[in-house]
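Here the structure is laid out as structure tokens; the discussion comes afterwards.
Residues: numbered from 1 along the sequence shown. All values reported here derive from a predicted model rather than from experimental measurement.
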Amino acid sequence: MAKIRMRDGLGDMRLKFLIEDTDRHGNVRLYVRKRGTPKVRLLQAPGTREFLEEYWSAVKGNAPATEDRPVLTAPVKGTLHWLCTQYFASADFKGLTDRTRYVRRRILDAICKRDGDSRSRNWSRAMYASAATNAPTSPKLRTDW
């Protein structure tokens, strides 16, 4: 049983099935946990009307809609996203320094976010160059060495 302070100044409330969990980063998360059911995370700010509505909905057994959460799926074989995933798992990529891997991954992820579902065999060399130079996180290339 956890105690929350209402934000509208009406005082404190003790909610029976409300528990607090701290994750590995030290963030406190609020859950509704009833015996025999999985715990349900509450996403609204504690002490608000929306929080109480979400709490009572979870107590009644109505889990929040999972449609709001992104669904991770494996990339389709032959797409640019799949090609990048293969590269990230390769020994060539893993042999790079940490900083180089970080920068390349950011660049390729930005390109995949925009064009990741397109088939890589339909791309020409000019399209790859255009995608790399138009990536929002691509570093400026130094040509004045």
Side-chain angles (χ1 to χ4, degrees), residues 1-8 13 15-145:
M1 184 178 296
K3 182 178 176 181
I4 61 166
R5 178 175 296 279
M6 298 303 294
R7 292 196 177 189
D8 57 4
M13 291 184 74
L15 301 173
K16 184 174 182 180
F17 301 107
L18 188 67
I19 61 167
E20 293 180 347
D21 275 351
T22 306
D23 66 6
R24 63 189 173 110
H25 303 289
N27 300 317
V28 177
R29 312 274 189 214
L30 295 173
Y31 295 90
V32 169
R33 181 151 190 202
K34 290 176 69 174
R35 181 170 288 181
T37 62
K39 64 183 181 180
V40 177
R41 181 171 174 205
L42 302 177
L43 302 174
Q44 299 298 324
T48 61
R49 179 167 303 198
E50 293 82 13
F51 176 81
L52 289 176
E53 290 172 2
E54 187 178 29
Y55 169 80
W56 288 114
S57 176
V59 167
K60 291 177 185 174
N62 301 330
T66 57
E67 300 163 359
D68 298 341
R69 298 179 185 164
V71 178
L72 299 177
T73 59
V76 177
K77 187 174 183 177
T79 61
L80 182 62
H81 186 203
W82 175 83
L83 192 62
C84 289
T85 304
Q86 296 296 309
Y87 174 62
F88 295 147
S90 72
D92 289 337
F93 183 74
K94 291 179 180 177
L96 300 171
T97 64
D98 290 342
R99 179 65 185 170
T100 304
R101 280 197 315 258
Y102 171 78
V103 170
R104 285 194 187 175
R105 184 165 196 121
R106 295 241 358 226
I107 292 169
L108 291 173
D109 282 344
I111 295 169
C112 285
K113 187 174 183 181
R114 190 183 65 221
D115 299 317
D117 292 331
S118 62
R119 294 276 178 186
S120 58
R121 68 172 177 249
N122 297 337
W123 280 46
S124 66
R125 176 173 248 166
M127 290 174 71
Y128 280 108
S130 169
T133 56
N134 293 331
T137 57
S138 64
K140 299 280 185 199
L141 296 177
R142 232 179 127 180
T143 58
D144 58 348
W145 294 96

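Residues satisfying the salt bridge (charged side-chain N to carboxylate O under 4.0 Å, His left out) criterion with Arg104, sequence neighbours excluded, are absent altogether.
Heavy-atom minimum distance, Tyr87 versus Phe93: O-CB, 3.0 Å. Nearest heavy atoms, Cys112 versus His81: SG-CA, 3.8 Å. The two residues Tyr55 and Phe17 make their nearest non-hydrogen contact at OH-N, 3.4 Å. Closest non-hydrogen pair, Lys34 versus Val59, comes out as NZ-O, 3.0 Å.
Ile19 places none of its side-chain heavy atoms less than 4.5 Å from the side chain of Leu30. For the pair Asn27 and Thr22, the minimum side-chain heavy-atom distance is 4.5 Å or more. Counting only heavy atoms from C-beta outward, the side chains of Thr79 and Leu83 never approach each other to under 4.5 Å. Thr97 places none of its side-chain heavy atoms less than 4.5 Å from the side chain of Arg101. Between Phe51 and Leu43, the closest side-chain pair of non-hydrogen atoms is not below 4.5 Å.
In terms of modelled atom types and a separation under 3.5 Å, the side chain of Ser57 and the main chain of Glu54 share no donor-acceptor contact. With Gln44 contributing its side chain and Leu52 its backbone, the two residues share no donor-acceptor pair below 3.5 Å. Side chain of Arg29 to main chain of Glu20: no donor-acceptor pair is present (N/O by atom type, distance under 3.5 Å, no hydrogens or angles). Proximity of a side-chain donor or acceptor of Lys77 to a complementary backbone N or O of Trp82 within less than 3.5 Å is not detected. Judged purely by atom type and a 3.5 angstrom limit, Thr100 has no side-chain atom pairing as donor or acceptor with the backbone of Leu96.
Electrostatic pairing of Arg106 and Asp109 does not count as a salt bridge here, judged by no charged N lying under 4.0 Å from a carboxylate O. Salt-bridge formation is not detected for the pair Asp21/Arg41: no Lys NZ or Arg NE/NH1/NH2 atom is positioned less than 4.0 Å from an Asp or Glu carboxylate oxygen.
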inquiry  = Does Tyr31 form a side-chain contact (heavy atoms from CB on, under 4.5 Å) with Leu18? I'd like the steps, not just the answer.
reply    = CA-CA 6 Å; Tyr31 295 90; Leu18 188 67; over 6 Å; no
